[in-house]
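Report on the following structure.
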2 protein chains.
Amino acid sequence: MERIRVAIVGYGNLGRGVEKAIKKSPDMELIAVFSRRPAAALNIKDEKVAVYNIADAEKYVDEIDVAILCGGSATDLPVQGPQFVRLFNTVDSFDTHARIPEYYETMERAGRESGHLAAISIGWDPGLFSLNRLLLEAVLPAGSTYTFWGRGVSQGHSDAIRRIAGVKNAVQYTIPVAEAIERVRKGENPQLSTREKHIRECYVVVEEGADQERITREIKEMPAYFADYDTEVIFISEEELDRNHSAMPHGGFVIRSGETGEGHKQLVEFSLQLENNPEFTGSVLLAYARAVYRLNKEGERGAKTVFDIPLAYIYPGLPAALREKLL
Amino acid sequence: MERIRVAIVGYGNLGRGVEKAIKKSPDMELIAVFSRRPAAALNIKDEKVAVYNIADAEKYVDEIDVAILCGGSATDLPVQGPQFVRLFNTVDSFDTHARIPEYYETMERAGRESGHLAAISIGWDPGLFSLNRLLLEAVLPAGSTYTFWGRGVSQGHSDAIRRIAGVKNAVQYTIPVAEAIERVRKGENPQLSTREKHIRECYVVVEEGADQERITREIKEMPAYFADYDTEVIFISEEELDRNHSAMPHGGFVIRSGETGEGHKQLVEFSLQLENNPEFTGSVLLAYARAVYRLNKEGERGAKTVFDIPLAYIYPGLPAALREKLL
């Protein structure tokens with residue numbers, strides 16, 4: 001079997017998630033990991049996988065079909081996206097919502113110039129959730145869409161707590177409000193405020209002698225991150241954090257509550273319950289790497305999102321087999 | 001606004017569902033209904049909608065952009081599909097699973113020859129459920145997929161009961177077994193027999209003096225339809241059937257229970273809870289009519305399924321707006 005030659009760019013939780021997904025995909029082969037760190041620091045067990053410096057990427061254009069960019073949206077992807085799509089087909093999980101139009105334009109232009117294809121903002125939100133929002137709003141134009149996240153760890157919110165003086169470590173869970181979901185599932189189409197949709201639960205380890213009252217106040221009053229939510233702060237020991245809060249579960253729901261004809265309620269729900277968020281996200285990125293490779297072979301270039309890619313392209317089988325087996 | 005000119009072919013429950021969906025879609029316009037029956041028999045209230053005989057379809061090629069075929073898969077679509085795609089772009093809900101490959105080939109060839117595009121096997125199963133099966137198996141290659149249907153009315157099973165001697169009328173509900181769904185949602189990945197997944201509940205009206213014991217036996221022993229299921233038969237009056245069983249609810253679940261890395265469980269579920277099945281199915285057909293119209297304008301011809309059509313094409317907005325609003 002011809003295998004698609006994949007590189008992982010950035011070897012954090014997401015990069016390791018992609019690595020594990022490749023092992024379950026017989027049509028994929030991990031050729032290299034690009035990192036800013038030296039090979040020894042990455043501790044990759046498979047000897048056939050090379051470790052290259054991100055700065056040397058252009059030396060390896062003949063070795064790799066698709067580069068999966070696993071860096072963060074704040075500082076890594078705005079630089080690495082355009083850099084890598086000039087050399088390879090790419091997949092990334094760019095998720096800074098307000099900057100997606102700008103990032104799309106950059107990747108579209110760079111990909112068209114180099115002849116490569118970039119799948120941007122891939123994952124589950126943006127990604128599979130976006131795809132369901134579009135699908136369900138197209139099918140049920142009269143109605144309301146609700147997205148709930150959790151129960152799961154939000155890396156961004158955990159980081160925000162860690163930046164507070166006196167905090168040693170923290171894990172933040174985003175939790176959807178059960179009552180709100182219940183009302184939506186009943187077809188009530190409620191107007192829900194930010195506070196009514198999610199609560200935030202923070203497990204915090206402090207430095208010795210730190211002022212817990214001040215830290216609690218700083219968390220609860222933090223604009224955008226916590227001020228608009230009911231937030232609970234629980235101080236625990238480092239040992240307890242490691243023991244009970246080092247897993248990376250997540251999940252969520254997209255619900256479209258629509259109406260057809262004369263008031264017939266139609267409810268559609270797409271939900272995820274993930275024991276390991278980066279491994280699932282990595283699996284989504286890898287499936288779209290397959291699409292990017294195939295579409296580029298057919299002459300597609302520039303940038304695409306989940307909205308633009310026919311799903312047949314992400315599946316290993318051939319179209320006729322798909323129709324027979326899955327339709 | 002340029003509106004897409006739609007025709008409905010066959011004016012039963014599904015055709016009326018499409019008609020209602022068009023009223024909620026400002027970019028669509030119902031031009032005509034094709035039927036074998038005379039206009040007076042259809043009782044269409046909108047005077048701007050023409051009623052044409054199916055046999056005269058070729059007279060109207062300049063009036064219509066997309067014909068939505070709302071006939072049955074057993075005898076209507078195998079004839080009407082090729083006939084209409086020679087004249088118009090089409091959408092249909094062909095759902096005789098074993099014959100999909102053959103039907104696809106016929107429509108693909110006829111569409112290529114005439115320059116039109118056909119979206120075949122559109123609806124929710126085949127259709128949205130198929131799309132989710134593909135998506136989730138591509139993302140989670142290690143795992144099991146489960147499809148449950150109901151609680152809802154199965155037209156085919158109701159018809160089968162009506163053909164038994166002494167039966168005046170009947171409505172059959174397909175009901176998923178709650179315990180089976182529970183086990184799947186827990187990630188147990190059970191092997192489930194046909195009997196363990198669904199039960200069948202039959203509300204039957206008999207002619208005066210009919211032998212209820214014989215009818216019960218004939219239903220429960222009917223091969224393929226009922227023999228492999230736990231089936232309950234309830235005899236009721238015509239009045240009760242009309243009062244309590246004339247709605248057309250349906251629904252179901254696609255669940256992918258997968259695993260990533262070293263045993264991390266990942267559960268994804270897509271579910272429908274429909275108060276009116278033909279109206280929902282009609283809404284899906286109409287959304288894909290939009291895609292067929294646009295893709296054909298871009299030069300696509302032949303046949304496509306939900307696997308082949310990028311979702312951006314089913315949504316009324318433009319790609320840039322989509323990315324900003326729904327991604």
Side-chain angles (χ1 to χ4, degrees), chain A residues 17 20-21 24-25 97 100-101 104 121 126 128 130-135 137-142 185 251 258 260-262 264-276 279-280 282-284 286-287 290 304-312 314-316 319-320 322-324 326-327, chain B residues 17 20-21 24-25 97 100-101 104 121 126 128 130-135 137-142 185 251 258 260-262 264-276 279-280 282-284 286-287 290 304-312 314-316 319-320 322-324 326-327:
Chain A
K20 286 175 189 163
K24 294 208 193 307
S25 301
H97 194 270
I100 286 177
Y104 173 85
S121 302
L128 307 193
S130 324
L131 191 151
N132 275 281
R133 284 189 287 261
L134 184 154
L135 174 66
E137 293 194 13
V139 168
L140 294 170
R185 283 192 183 140
T260 60
E262 291 86 41
H264 287 126
K265 285 186 179 171
Q266 317 276 22
L267 199 81
V268 192
E269 181 169 336
F270 179 81
S271 69
L272 298 176
Q273 217 180 297
L274 309 175
E275 278 191 2
N276 187 297
E279 286 179 9
F280 184 79
S283 299
V284 179
L286 189 67
R290 188 177 288 120
K304 287 188 185 289
T305 73
V306 287
F307 300 154
D308 312 308
I309 296 174
L311 287 177
I314 73 169
Y315 193 85
L322 274 185
R323 284 192 293 272
E324 207 169 319
L326 294 171
L327 201 61
Chain B
K20 287 175 189 163
K24 294 207 193 307
S25 301
H97 195 270
I100 286 177
Y104 173 86
S121 302
L128 306 194
S130 324
L131 192 152
N132 275 280
R133 284 190 286 262
L134 183 154
L135 174 65
E137 294 195 12
V139 168
L140 295 171
R185 283 192 183 139
T260 60
E262 290 85 42
H264 287 127
K265 285 185 177 171
Q266 317 277 22
L267 199 83
V268 192
E269 181 168 336
F270 180 81
S271 69
L272 298 176
Q273 218 179 297
L274 309 175
E275 277 191 3
N276 187 297
E279 285 179 9
F280 184 80
S283 299
V284 178
L286 189 67
R290 189 177 287 120
K304 287 188 185 290
T305 73
V306 287
F307 300 154
D308 311 309
I309 296 174
L311 287 177
I314 73 170
Y315 193 85
L322 275 185
R323 283 191 294 272
E324 207 169 318
L326 295 172
L327 200 63

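Quick note on labels: first sequence line is chain A, next is B, and so on, each numbered from 1.
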Shortest non-hydrogen separation from [X] to [Y] and the atoms involved:
X	Y	answer
A:L327	B:S130	O-OG, 2.7 Å
B:T260	A:E279	OG1-OE1, 2.7 Å
B:N276	A:Q266	O-NE2, 2.9 Å
A:L128	B:L135	CD2-CD1, 3.8 Å
A:R133	B:L326	NE-O, 3.1 Å

Residue, of [options], that accumulates the most heavy atom pairs under 4.5 Å with chain A:
options	result
B:P141, B:P316, B:S283	B:S283
B:Y104, B:Y315, B:F270	B:Y104
B:A21, B:G261, B:A142	B:G261
B:A312, B:P319, B:A320, B:A287	B:A312

Check: [Y] and [X] side chains under 4.5 Å, non-hydrogen atoms:
X	Y	result
A:L267	B:L272	no
A:I100	B:E324	no
B:L322	A:L134	yes

Say whether, by atom type as modelled, one donor and one acceptor occur between the side chain of A:Q273 and the main chain of B:V268 under 3.5 angstrom. no
Exam field: side chain A:E275 to backbone B:K265, donor-acceptor pair closer than 3.5 Å: yes
Tell me, side chain or backbone of A:L140 under 4.5 Å from chain B's heavy atoms, or both, or neither? side chain
Proximity breakdown for A:S271 and chain B, heavy-atom pairs closer than 4.5 Å: both
